[in-house]
Amino acid sequence: MASKTYVTTIDERDTKLRLDDISTEPDKGVTREDAEARFGELSAELFGLQDLLWGAKTHSVLIVLQGMDTAGKDGVIKHVAGCLNPRGTNVVSFGVPTKEEQEHDFLWRVHRHAPRKGELALFNRSHYEDVLVVRVNNLVPESLWKERYGHIRDFEELLCEHDTIVLKFFLHISKSEQERRLLDREKDPSTAWKLNVNDWRTREKWRDFQDAYEEVLRRCATPRAPWHIVPADSKWFRNLAVITTTLNTLRPYKKIWQRKLDDMGLRGAAELAEYRRLQPAERGKSGKGDSRKGD
Ligand code: AMP
Ligand code: MG
């Protein structure tokens, strides 16, 4: 499967895995040139599918992006959201909770951004921070964060029951690639604004974060809300892997959406025919009709 989708998909609870055993590097045999050309083709396909999603309004799509600092969450948003129609696309970033957010349960701030039917939402970080940074930095007692895995599974199941298609991507980079990216930011004046000492502090706890991610992958992967582990050391491969996996997930819905649109078209045409049949005299009076054209 890995060679077809470029990712490692975990769709069952309690799957044994060690992130150290999963490659962060591109598949051998995929060149950057091929990957970028393929990305262009796939982005056109995704744009078309999103149009069907929007018109049919039978489902919504939630894409969750998680990963260590510099793993490429923003890059995926730039490239994948960049090829979508802004109408119907919603990008939400979750940072340190505000006072108001802290005074609610941890899912409160997330649930209100769940996509409505027809919409596609991309989450840059998510409710998973509440079992990642919160766990590693001891921000709440263990007795509290331990309960959250179950709450998260139930929450995602609720979204799925409401016809949300859930994709969760863990952008998997190596520690050495992260160091390279952080140092690059210092060298390049155009990215200096991203410098943040906290990235280095977080990096010191690399192993703790990997452990926390492994537990997330073990406890919160389900058939309807699977995790996809993306080798993310190369940006071009990461983008190809994310768009390929997204399309593999959405393609099976194409027929349903198309059928709904066909039905809507037939219904609209029938209503229009009925309207014309009942009002021939009225229309005759107004004469030539309205010749304005939309797009
Ligand atoms: P960035 O994604 O670089 O803009 O940084 C957002 C910061 O917010 C990261 O350091 C996250 O760990 C932090 N963050 C996100 N969600 C939470 C949370 N629930 N509790 C504490 N910190 C969080
Ligand atoms: Mg950051």
Side-chain angles (χ1 to χ4, degrees), residues 19 62-81 90-114 121-156 168-188 190-217 219-220 227 230 232-233 235 238 242:
L19 283 171
L62 172 61
I63 297 179
V64 170
L65 299 170
Q66 287 287 164
M68 300 294 285
D69 293 308
T70 76
K73 301 180 287 296
D74 286 312
V76 168
I77 286 165
K78 182 160 126 187
H79 288 91
V80 176
N90 198 10
V91 176
V92 190
S93 297
F94 293 96
V96 177
T98 63
K99 186 166 182 292
E100 186 186 22
E101 287 168 349
Q102 276 170 22
E103 287 171 359
H104 287 87
D105 69 84
F106 78 106
L107 290 171
W108 179 79
R109 67 173 182 160
V110 180
H111 202 170
R112 59 216 294 246
H113 292 291
L122 286 122
F123 284 1
N124 180 352
R125 303 187 192 267
S126 64
H127 42 296
Y128 282 99
E129 292 295 320
D130 290 277
V131 284
L132 292 164
V133 68
V134 166
R135 162 181 159 152
V136 173
N137 289 344
N138 293 312
L139 300 181
V140 303
E142 179 171 351
S143 57
L144 210 56
W145 61 253
K146 277 230 137 139
E147 294 301 319
R148 291 181 173 171
Y149 300 102
H151 292 316
I152 288 174
R153 284 195 305 269
D154 290 344
F155 168 60
E156 291 176 356
K168 300 178 296 192
F169 291 104
F170 170 60
L171 306 179
H172 185 31
I173 53 164
S174 61
K175 200 174 175 192
S176 53
E177 177 62 20
Q178 189 198 48
E179 183 177 29
R180 223 177 343 266
R181 290 184 186 184
L182 287 173
L183 292 173
D184 280 352
R185 281 183 184 173
E186 288 182 55
K187 287 181 214 141
D188 181 352
S190 74
T191 54
W193 64 274
K194 293 184 185 175
L195 296 179
N196 184 343
V197 64
N198 283 332
D199 291 347
W200 289 93
R201 291 200 183 104
T202 303
R203 182 178 159 76
E204 286 170 24
K205 299 180 183 168
W206 183 272
R207 189 61 254 169
D208 293 342
F209 272 98
Q210 299 287 297
D211 289 346
Y213 267 112
E214 283 175 0
E215 184 139 12
V216 158
L217 295 164
R219 301 189 63 174
C220 298
W227 271 104
V230 181
D233 276 0
K235 297 173 184 178
R238 171 202 75 202
V242 170

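Both counts, for ligands and for their atoms, begin at 1 and track the order of listing.
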Review point. Is there a heavy atom of M68 sitting under 4.0 angstrom from any atom of ligand 1?
Key: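 In this structure, M68 fails to qualify as a contact of ligand 1 - no heavy atom is under 4.0 Å.
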Check your understanding: Below 4.0 Å from any atom of ligand 1, is there a heavy atom belonging to N198?
Key ->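 It does not; every heavy atom stays at 4.0 Å or beyond.
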Review point. Does K175 NZ have over 12 foreign heavy atoms under 6.0 Å away?
Key: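 Enclosed: over 12 neighbouring heavy atoms sit under 6.0 Å from NZ of K175.
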Exercise for review: Check whether any N or O atom of N124, backbone or side chain, sits under 3.5 Å from an N or O atom of ligand 1, and answer yes or no.
Suggested key: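 N/O-N/O distance below 3.5 Å does not exist for this pair.
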Practice item. Indicate yes or no: does an N/O atom of G95 lie under 3.5 Å from an N/O atom of ligand 1? Key: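 Indeed, backbone or side chain, G95 has an N or O that close.
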Review point. Side chain or backbone of N196 under 4.0 Å from ligand 1, or both, or neither, by non-hydrogen atoms?
Key: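 For N196, there is no contact with ligand 1 at all, from either part.
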Practice item. Report the part of R109 in contact with ligand 1, treating N, CA, C, O as backbone and CB onward as side chain, heavy atoms under 4.0 Å; options are side chain, backbone, both, neither. Key: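 The part of R109 near ligand 1 is the side chain, not the backbone.
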Exercise for review: From the options R181, R185, K194, select the one residue that forms a salt bridge (charged side-chain N to carboxylate O under 4.0 Å, His left out) with D199.
Suggested key: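 Among the candidates, only R185 passes.
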Among protein heavy atoms, which lies nearest [atom], and at what distance?
atom: atom 12 (O) of ligand 1; answer: E129 OE1, 3.2 Å
atom: atom 20 (N) of ligand 1; answer: P97 CD, 3.3 Å
atom: atom 3 (O) of ligand 1; answer: R125 NH2, 3.8 Å
atom: atom 8 (O) of ligand 1; answer: V96 N, 3.2 Å
atom: atom 22 (N) of ligand 1; answer: V133 CG1, 3.5 Å

If you count the atoms of ligand 1 from 1 in the order shown, which ones are under 4.0 Å from a heavy atom of [X]?
X: V134; value: 20 (N)
X: D130; value: 19 (N)
X: L139; value: 21 (C)

Review point. Do protein heavy atoms approach atom 14 (N) of ligand 1 to less than 4.0 Å?
Key: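 Yes, because at least one protein heavy atom sits under 4.0 Å from atom 14 (N) of ligand 1.
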Review point. F106 and I152: side chain to side chain contact (heavy atoms under 4.5 Å, CB included), yes or no, with the steps?
Key: CA-CA 10 Å; F106 78 106; I152 288 174; 3.9 Å; yes
Point to revise | Non-hydrogen atoms of D184 and T191 that approach each other most closely | key: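 Heavy-atom minimum between the residues: O-OG1, 4.1 Å.
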Exercise for review: Give the minimum heavy-atom separation between L19 and H172, together with the two atoms involved.
Suggested key: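 Closest pair (atom of L19, atom of H172, distance): O-NE2, 3.1 Å.
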Practice item. Check the angle between the aromatic planes of Y149 and W145 and answer parallel, tilted or perpendicular using the 30° and 60° thresholds. Key: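 Rings of Y149 and W145: perpendicular, over 60°.
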Point to revise | Whether Y128 and W227 hold their rings parallel, tilted or perpendicular, with breakpoints at 30° and 60° | key: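 Aromatic pair Y128/W227 classed perpendicular.
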Check your understanding: From H113 NE2 over to S126 OG, what is the distance, rounded to the nearest 0.5 angstrom?
Key ->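 Taking NE2 in H113 and OG in S126, the distance rounds to 12.5 Å.
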